[in-house]
2 protein chains.
Amino acid sequence: MSKKASKSVIKRLPVYLRVLDNLIRRDVEIVSSRVLSEETGFTAEQIRKDLAHFGAFGTRGTGYNTDYLRGKLLRIIGLDRQTKLVVVGAGLLGKALTRYNMLKNPYVEIVGIFDANPAEAGHEIGSLKIRPVGEMPAVIKEQQVKVAMVSVPAEFAQQVVNDLVGIGITAILNFAPTKLKVPEGVHVHNADLTNELQSLIYYVMQDENKQLSKLH
Amino acid sequence: MSKKASKSVIKRLPVYLRVLDNLIRRDVEIVSSRVLSEETGFTAEQIRKDLAHFGAFGTRGTGYNTDYLRGKLLRIIGLDRQTKLVVVGAGLLGKALTRYNMLKNPYVEIVGIFDANPAEAGHEIGSLKIRPVGEMPAVIKEQQVKVAMVSVPAEFAQQVVNDLVGIGITAILNFAPTKLKVPEGVHVHNADLTNELQSLIYYVMQDENKQLSKLH
DNA sequence: CCGACTGTGTTAATATATTAACAAGGTTGC
DNA sequence: GCAACCTTGTTAATATATTAACACAGTCGG
């Protein structure tokens, strides 16, 4: 354990958490790194090493107690208390993100979804009303929200983010296909869906070229 | 150049492409690795190295011709011909993905969006009608589609993917929060939006803990 | 045409991440 | 309570990725 965990490790923790949630739902009480490997796609060695960064959570000869490990992971990631967040941009993607997290992600609480288009305001997603962006600062300040998901068109993203940072947001999950400039200390994770698709296409094309060259 | 490019490099190529598209739209003809660095967030050294994997595309003392480099990147990624793809699952996310790519991603052509729910069938996204999944095999086979985006609920994802692979799909962008089992040779990229959010929260909590410990 | 400058492409050095190997701890059956 | 068997946690070896350094090629002003 001890020395700080690297980015790659942190990215895998939520995967472990999800698998544990599923195992617990199926009343599995003990799990080995090998089974976790099958469920996650990462190697068993890597999983053991990842977990060892934060402590010794398993029992030699047996494996990991699912419930106990889940609790530890929640604490490590910081999900042991519900994180409040807002969604900016109530297009199809913003709505999808909001509804999905409300229904399926118990570790976060969406306290507001906002849109610049007044026509959207008033529409409901689950029990949550879409509100005009003008009301956003008050909500974020009052509830001391730190995390925002941004799903506005690329051309508005930087301005929106400037505003968010100005009223106390320190972490942004950015779905707009654009590089955001933020002050030191503000975290931005980019979730550019087009990039994922395009790099996937690279591998498809590699295969096709390989097939073609075999014909010679 | 020569020896094959690594995954990390491939993931950055679409970012370069997007930035180049933007520069060309603004009639910028020449760009240096330093400017690309500002626009992408990657270091200039890394950008030069990435591009050098595939050839020498720049001019020393000057920089890169935007139009020329864009053409090279398209060819490298495999986007020089429109890639056909299907979307399976016409929930909010599936609709968002479909509409976004139809409007903003000229490098792919969505040839069908399918949903198991008959109530969805007939609804239109842009000019594309949502169709029942029963019609999916015919479309994929006739048009020889190789790439699919899967945005169905997690519990159906594996079955859907089995079907897709059976009718010729070799690359899948998976939005369902589940590990997919696929035969050798089929590419799966996972775009789990919850994971991104949760690892972001990790960093927020790290900061907050740091703040707290400062008070002592 | 020459010297100062700019920015690429390549090679070397460093850091990060993954894989492998194994010792130590724990369990189970007899 | 001992022997055979598991599975973790740790340390060592390997591979990948990033950063730094710089030689080389081209431009520009005079």
Side-chain angles (χ1 to χ4, degrees), chain A residues 1-16 19-20 23 28-73 76 195 199 202-203, chain B residues 1-16 19-20 23 28-73 76 195 199 202-203:
Chain A
M1 55 181 292
S2 61
K3 62 179 172 184
K4 76 169 190 290
S6 64
K7 284 177 194 174
S8 332
V9 176
I10 304 306
K11 281 211 302 190
R12 287 189 291 267
L13 297 182
V15 180
Y16 304 146
V19 167
L20 285 172
L23 290 170
V28 178
E29 290 183 359
I30 300 289
V31 67
S32 67
S33 58
R34 193 163 42 76
V35 171
L36 283 175
S37 168
E38 286 160 18
E39 299 286 326
T40 61
F42 307 126
T43 68
E45 296 84 347
Q46 188 162 60
I47 293 168
R48 290 204 302 276
K49 200 150 198 284
D50 284 354
L51 297 176
H53 272 110
F54 304 99
F57 305 133
T59 318
R60 297 184 183 204
T62 311
Y64 301 89
N65 178 293
T66 50
D67 217 52
Y68 177 75
L69 183 56
R70 173 175 175 276
K72 286 293 183 184
L73 277 174
I76 291 162
N195 289 355
S199 61
Y202 170 87
Y203 294 101
Chain B
M1 58 182 288
S2 60
K3 64 179 168 186
K4 77 166 187 290
S6 64
K7 283 176 194 173
S8 333
V9 177
I10 304 306
K11 280 212 301 189
R12 286 190 290 267
L13 297 182
V15 180
Y16 303 147
V19 167
L20 284 172
L23 289 171
V28 177
E29 291 183 357
I30 300 289
V31 66
S32 67
S33 59
R34 193 162 43 76
V35 171
L36 283 175
S37 169
E38 287 159 18
E39 300 285 326
T40 61
F42 307 126
T43 67
E45 296 84 347
Q46 189 162 60
I47 294 169
R48 290 203 302 274
K49 202 153 195 287
D50 284 354
L51 296 177
H53 272 110
F54 304 99
F57 305 135
T59 318
R60 300 188 180 197
T62 309
Y64 301 91
N65 178 294
T66 51
D67 217 54
Y68 177 76
L69 182 56
R70 173 175 175 276
K72 287 293 183 183
L73 277 174
I76 292 162
N195 288 355
S199 62
Y202 170 85
Y203 293 102

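All values below were derived from every heavy atom in this structure, side-chain atoms included, with hydrogens, water molecules and symmetry-related copies excluded. So that the names make sense, note that chain A is the first sequence line, chain B the second, and so on, each numbered from 1.
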K.L.:
Can you tell me how far NZ of A:K72 sits from CG of A:L20, rounded to the nearest 0.5 angstrom?
P.N.:
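It comes to 14.0 Å.
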K.L.:
Look at B:S33 and C:dT8 and indicate whether a side-chain polar atom (N or O) is within less than 4.0 Å of OP1 or OP2.
P.N.:
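Yes, within the criterion.
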K.L.:
Whole angstroms only, please: what is the NZ-C1' distance between B:K7 and C:dA17?
P.N.:
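Nearest whole value for this atom pair: 12 Å.
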K.L.:
Mind calculating the distance between CD1 (A:I47) and P (D:dT10) to the nearest angstrom?
P.N.:
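The distance from CD1 of A:I47 to P of D:dT10 comes to 17 Å, rounded to the nearest Å.
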K.L.:
For the side chain of A:Y64, counting heavy atoms from C-beta on, which of D:dT19, D:dG26, D:dG9 is nearest?
P.N.:
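Out of D:dT19, D:dG26, D:dG9, the nucleotide with an atom closest to A:Y64's side chain is D:dG9.
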K.L.:
Send over the distance from A:Q46 CD to D:dA15 C1', rounded to a whole Å.
P.N.:
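Roughly 13 Å, once rounded to whole Å.
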K.L.:
Do A:K7 and B:Y202 have side-chain heavy atoms sitting under 4.5 Å apart?
P.N.:
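No, too far: nothing below the 4.5 Å cut-off.
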K.L.:
Under 4.0 Å: is that the gap between some side-chain N or O of A:S6 and OP1 or OP2 of C:dT16?
P.N.:
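Checking A:S6 against C:dT16: no side-chain N or O falls below 4.0 Å of OP1 or OP2.
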K.L.:
Without swapping roles, check the side chain of B:S37 against the backbone of B:S33 for a donor-acceptor pair under 3.5 Å.
P.N.:
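No; judged by distance alone, with no hydrogens or angles, the pair does not exist.
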K.L.:
Using the side chain to side chain contact (heavy atoms under 4.5 Å, CB included) definition, which of the options B:V31, B:I30, B:V35, B:T59 pairs with B:Y64?
P.N.:
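Testing B:Y64 for a side chain to side chain contact (heavy atoms under 4.5 Å, CB included) against B:V31, B:I30, B:V35, B:T59 leaves exactly one candidate, B:V31.
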K.L.:
What integer distance in Å separates A:F57:CZ from D:dG9:P?
P.N.:
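My rounded result for the distance is 9 Å.
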K.L.:
How do A:R48 and A:R60 order along DNA chain C: which one's closest nucleotide is nearer the 5' end?
P.N.:
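Final value for this comparison: A:R48.
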K.L.:
Counting just side-chain N and O atoms, does A:S8 come under 4.0 Å of either OP1 or OP2 of C:dA17?
P.N.:
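Yes, such a contact exists.
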K.L.:
In whole angstroms, how far is the P atom of C:dT19 from the CZ atom of A:F42?
P.N.:
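That distance rounds to 11 Å.
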K.L.:
Where each residue is assigned the nucleotide of DNA chain C containing its nearest heavy atom, which of A:R12 and A:T62 is assigned the position nearer the 5′ end?
P.N.:
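Looking at the nearest nucleotide for each, A:R12 comes out on the 5' side.
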K.L.:
Can you tell me how far C1' of C:dT8 sits from OH of B:Y68, to the nearest Å?
P.N.:
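Distance check: B:Y68 OH to C:dT8 C1' gives 14 Å.
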K.L.:
Between D:dT8, C:dA12, C:dT19, which nucleotide gets closest to the side-chain atoms of A:T43?
P.N.:
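Selected nucleotide: C:dT19.
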K.L.:
Once rounded to the nearest 0.5 Å, what's the spacing between atom CG of A:L69 and atom OH of A:Y16?
P.N.:
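Nearest 0.5 Å value for the CG-OH distance: 10.0 Å.
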K.L.:
May I have the distance from A:I10 (atom CD1) to C:dT16 (atom P), rounded to whole angstrom?
P.N.:
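For the pair A:I10 CD1 and C:dT16 P, the rounded distance is 14 Å.
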K.L.:
B:E45 side chain: which of C:dG26, D:dA17, D:dA20 is closest?
P.N.:
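The listed nucleotide nearest to B:E45's side chain is D:dA20.
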K.L.:
Nearest whole angstrom, please: distance from the P of C:dT8 to the CG of B:D50.
P.N.:
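From B:D50 CG to C:dT8 P: 13 Å.
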